[in-house]
Amino acid sequence: MVWIFLYFALFLVVHLVAKQFKRPGAARLFQLIACFVLLFGFFGFRDLTVLNDTSHYYGFYYEKAHIHSYIIEPITTFHLTDKFEYGFQILIHILIQQVSKHPYTIVILSSLIITIAELWVIDKYAKDIAKVCFYMLIASLLFTHYCIIRQAFALIFFYIAFGYLEQEKIRKYLLLVLLASLFHYSALFLFALPLIAHIKPSKRNAVIAVGTALFTAVFLFEILSLLGLRDHPYYQNAVQKGTLSLIGIVDLIFICIILSICFIAHKWNRHSTISPLYFWICITALCISMVAPVIYPISRINEFFWPFIIFQLLRCMNPSAMRLPDAEKKGKNSSLLCIMVVSLFAIKLIAINTIRPEWLHINNYQFYDFSKMHHDYNLYPQE
């Protein structure tokens, strides 16, 4: 873990060095290049043992690259047994047939695309690019994004779509969300976001939403039974488990704390603003987290919301880091709040890697060895 935190510190070093530039454009370019090198170098060349889904995507690619019929069939062919969304299957076809049959292709290419997308959206909403990267890393967001490759591609479409939603260009938003759902089904929930965002932000409506989520969490199994979903694997797994999800409880506690800090910072710093869209993103993420301890896979929806929650948190407690009309103002007790948030993120990350290291697989980081002829990990031996 020490090496991981030293890696995080490099982004703060980039932030401090960028402050020495007199021209804002030069500082921005320096941060973009430095953060790209740090992120892509770390995640793009990681070993199969780093991040818990890396070997699964690697193994799937390896298997398909060695099936002759898969190599010659049309790229639009869909295999129901693969249990992956159609858009992702088309991508794998294209990569195997047109780019490379080497299984590490999916790791390095996805890392390149995710790195560019993350830096694009951070640059769009933030001034201090390296600082926001630091927050997203220590909050484990970027670790998760590089891990869940299919949903990360869906998230990229949502990043673009979100800008259209802010401009109320709903048709373009819905089209991009449709494309996102071709890579991960959780994106289907995003079709409801324009409707949710048009609800008037108020304490009363927030209480109704949270109350509805609590009711849903308590009676979720009964509701799913009435909908005829008792045979769904998620339902069956949750029933067989018989207890609440530990990670779901942790996520619920954590999001409650983060949103509370965001609320306190907003009250202290009256110049910070919360748009109706961001207000409902925070409330919706809280509601989903309330249901997640019962059936944890529903929490995957929050992967779309967490980056924007972080952006709103920074707007409230450290507005000078973000792109705002009043960005030159410094938030009240900004340093104290930043220390609190970083400490909470660090404690959560340390706890996960101490108690449940299998959730991330970052304790023993190492680079992929391209010189090795054999890479044996999990179910995917190579020769």
Side-chain angles (χ1 to χ4, degrees), residues 139-141 144 148 151 154-155 158 177 181 184-264 274 276-310 312-313 344-345 347-348 351-352 355-356 358-359:
S140 302
L141 288 189
T144 304
I148 51 175
Q151 190 172 4
L155 179 61
F158 180 60
V177 167
S181 67
H184 204 273
Y185 294 134
S186 60
L188 292 172
F189 180 86
L190 300 174
F191 282 111
L193 190 56
L195 298 175
I196 296 172
H198 274 84
I199 301 173
K200 182 180 179 181
S202 67
K203 291 181 180 179
R204 176 179 175 274
N205 289 336
V207 169
I208 291 174
V210 171
T212 302
L214 180 60
F215 177 87
T216 302
V218 173
F219 298 102
L220 184 59
F221 292 130
E222 288 79 2
I223 294 171
L224 293 177
S225 295
L226 290 174
L227 295 174
L229 297 174
R230 297 187 63 176
D231 294 329
H232 195 281
Y234 290 156
Y235 181 100
Q236 294 294 327
N237 291 338
V239 170
Q240 292 172 8
K241 188 176 182 180
T243 59
L244 295 178
S245 167
L246 174 60
I247 188 172
I249 295 173
V250 171
D251 284 352
L252 175 58
I253 294 172
F254 196 72
I255 197 169
C256 287
I257 294 173
I258 293 302
L259 293 183
S260 296
I261 293 175
C262 190
F263 177 77
I264 292 170
I274 299 180
L277 179 56
Y278 278 86
F279 175 87
W280 283 114
I281 280 178
C282 293
I283 297 299
T284 303
L286 174 60
C287 292
I288 291 169
S289 294
M290 294 177 68
V291 180
V294 184
I295 295 184
Y296 183 69
I298 197 175
S299 67
R300 294 293 287 269
I301 296 171
N302 278 351
E303 297 300 333
F304 296 104
F305 298 145
W306 262 113
F308 298 98
I309 293 174
I310 296 297
Q312 185 57 52
L313 176 66
L344 285 169
F345 285 147
I347 290 170
K348 180 187 176 184
I352 287 175
I355 302 172
R356 290 288 190 271
E358 69 275 11
W359 287 355

- What one should report as the nearest heavy-atom pair of P194 and L190 is CD-O, 3.6 Å
- Task: Determine the minimum heavy-atom distance between A154 and H184, stating which atoms define it.
- Result: CB-CB, 4.0 Å
- Message: Just verifying a value: how many Å separate I253 CD1 and I258 CD1, rounded to the nearest 0.5 Å?
- Response: 12.5 Å
Table please: side-chain donor-acceptor pairs of residues 277-289 below 3.5 Å, with sequence neighbours left out.
from, atom 1, to, atom 2, distance (Å)
Y278, OH, R315, NH2, 3.4
W280, NE1, I199, O, 2.7
T284, OG1, W280, O, 2.6
S289, OG, A285, O, 3.0
S289, OG, N302, ND2, 3.0

- Query: With distance as the sole test, does Q151 use its side chain to make a donor-acceptor pair with the main-chain N or O of E303 at under 3.5 Å?
  - Reply: no
- Given side chains that start at C-beta, do those of I255 and I309 come closer than 4.5 Å, heavy atoms only? yes
- Task: Please work out which of the three classes, parallel, tilted or perpendicular, describes the rings of F304 and F158, given edges at 30° and 60°.
- Result: perpendicular
- Would you check if I261 and L344 make a side-chain contact, meaning some heavy-atom pair closer than 4.5 Å? yes
- Query: Can you pull the ring-ring contact (aromatic ring centres under 6.0 Å, His included) pairs that have at least one residue in residues 185-210, sequence neighbours excluded?
  - Reply: none
- The reported gap from CG in D231 to OG in S225 (rounded to nearest 0.5 angstrom) is 9.5 Å
- Item | From F308 atom CZ to L313 atom CG, the distance as rounded to the nearest 0.5 Å | 15.0 Å
- Message: Could you check whether any side-chain heavy atom of D251 comes within less than 4.5 Å of a side-chain heavy atom of K348, counting everything from C-beta outward?
- Response: yes
- Message: Nearest 0.5 Å, please: how far is CD1 in I249 from CZ in F254?
- Response: 16.0 Å
- Nearest non-hydrogen partners of A238 and I295, listed with the distance: CB-CG1, 3.8 Å
- Message: Would you compute the distance between atom OH of Y296 and atom CG of N237 and round it to the nearest 0.5 angstrom?
- Response: 15.0 Å
- Item | CG-CD1 distance between L220 and I298, expressed to the nearest 0.5 angstrom | 7.0 Å
- Item | Closest non-hydrogen atom pair, M290 against A213 | SD-CB, 4.1 Å
- Message: Within the 4.5 Å heavy-atom criterion, are I208 and N205 side-chain neighbours or not?
- Response: yes
- Query: Which heavy atom in I301 sits nearest to a heavy atom in S186, and how many Å separate them?
  - Reply: CG1-O, 4.2 Å
- Item | Beyond-backbone contact of F305 with L193, side-chain heavy atoms, under 4.5 angstrom | yes
